[in-house]
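Here's the structure we're looking at; comments come further down.
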Amino acid sequence: MSTGTTQLLGADLDDNVSAVTNIGFSFVFQGTPYTQFSLNANGGIRLGATAIASNAYQPLARAGEAILTAWGADQSTSGTGKVHYRLDGTAP
């Protein structure tokens with residue numbers, strides 16, 4: 001992902017949260033359609049119009065929230081790191 005990406009978080013961040021961002025299409029998760037997401041430097045992504053908590057690194061303790069995570073631990077971006085995304089393809 002070296003080109004065409006949108007940066008949501010920069011380097012040297014810990015417990016920071018991105019702005020709520022449009023997905024670009026409707027994404028159905030557990031039967032509910034979502035069109036927005038936010039994420040934090042801890043590796044969590046929350047679907048919906050409400051931003052994820054900055055310390056949401058215990059995703060199983062976040063009952064009732066549509067949270068996706070790969071690690072579910074206290075993380076941060078490195079000195080040269082970032083969190084970015086790129087949308088490819090067309091819907092549906």
Side-chain angles (χ1 to χ4, degrees):
M1 289 197 349
S2 58
T3 62
T5 68
T6 300
Q7 183 172 313
L8 297 175
L9 294 176
D12 282 326
L13 298 178
D14 185 23
D15 296 337
N16 296 72
V17 176
S18 76
V20 174
T21 302
N22 290 326
I23 295 173
F25 55 91
S26 183
F27 177 77
V28 179
F29 179 70
Q30 294 184 337
T32 302
Y34 296 95
T35 59
Q36 297 175 306
F37 73 99
S38 62
L39 55 86
N40 65 27
N42 292 310
I45 299 171
R46 181 176 184 180
L47 300 173
T50 302
I52 191 169
S54 62
N55 62 351
Y57 48 81
Q58 295 176 320
L60 298 180
R62 315 283 307 173
E65 297 179 21
I67 292 186
L68 309 169
T69 186
W71 294 283
D74 192 7
Q75 307 283 322
S76 63
T77 58
S78 70
T80 58
K82 64 181 174 180
V83 178
H84 61 138
Y85 78 100
R86 183 172 77 192
L87 180 63
D88 288 324
T90 56

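None of the values given here were measured: they were computed from a predicted structure. Heavy atoms only: backbone and side chains are in, while hydrogens, waters and symmetry mates are out.
Taking the side chain to side chain contact (heavy atoms under 4.5 Å, CB included) definition, one finds that Ile45 meets it with Phe37, Leu39, Leu68, sequence neighbours left out. Residues passing the side chain to side chain contact (heavy atoms under 4.5 Å, CB included) test with Ser76 are Asp14, sequence neighbours excluded.
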Under 3.5 Å, side-chain donor or acceptor atoms of residues 78-85 against the rest of the protein: list the pairs with distances, not counting sequence neighbours.
| residue | atom | partner | partner atom | Å |
| --- | --- | --- | --- | --- |
| Ser78 | OG | Thr80 | N | 3.4 |
| Ser78 | OG | Gly81 | N | 3.0 |
| His84 | ND1 | Thr5 | OG1 | 3.1 |

Quick one: side chains of residues 26-35, donor-acceptor pairs under 3.5 Å with protein atoms, not counting sequence neighbours, listed by atom name and distance.
none

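Summarising the geometry, atom CE belonging to Met1 is positioned 9.0 Å from atom OG1 belonging to Thr6; distances are rounded to the nearest 0.5 Å. For the atom pair Ile23 CD1 and Leu47 CG, the distance stands at 5.5 Å (nearest 0.5 Å). Asn22 contributes atom CG, which lies 11.0 Å from atom CG of Leu87 (distance to the nearest 0.5 angstrom).
Shown are Ile52, Leu8, Asn40; of these, the side-chain contact (heavy atoms from CB on, under 4.5 Å) with Ser18 is made only by Leu8.
Put simply, the side chain of Asp15 reaches to within 4.5 Å of the side chain of Asp74, judged on heavy atoms. With contacts defined as side-chain heavy-atom distances shorter than 4.5 Å, the pair Thr3/Arg86 qualifies.
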For this session: For side chain to side chain contact (heavy atoms under 4.5 Å, CB included), just list the numbers for Val17 and Ser54, CA-CA rounded to whole Å, side-chain angles, deciding distance to a tenth of an Å, and then say yes or no.
Result: CA-CA 6 Å; Val17 176; Ser54 62; 3.6 Å; yes
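Residue pairs meeting the ring-ring contact (aromatic ring centres under 6.0 Å, His included) criterion with at least one partner in residues 4-23, sequence neighbours excluded, do not occur; the list is empty.
Side chains of Asn42 and Gln75: no donor on one and acceptor on the other come within 3.5 Å.
Annotation for Ala51 and Arg46: closest pair O-NH1, 3.6 Å, computed over non-hydrogen atoms.
A side-chain donor-acceptor contact under 3.5 Å links Thr77 to the backbone of Gly10.
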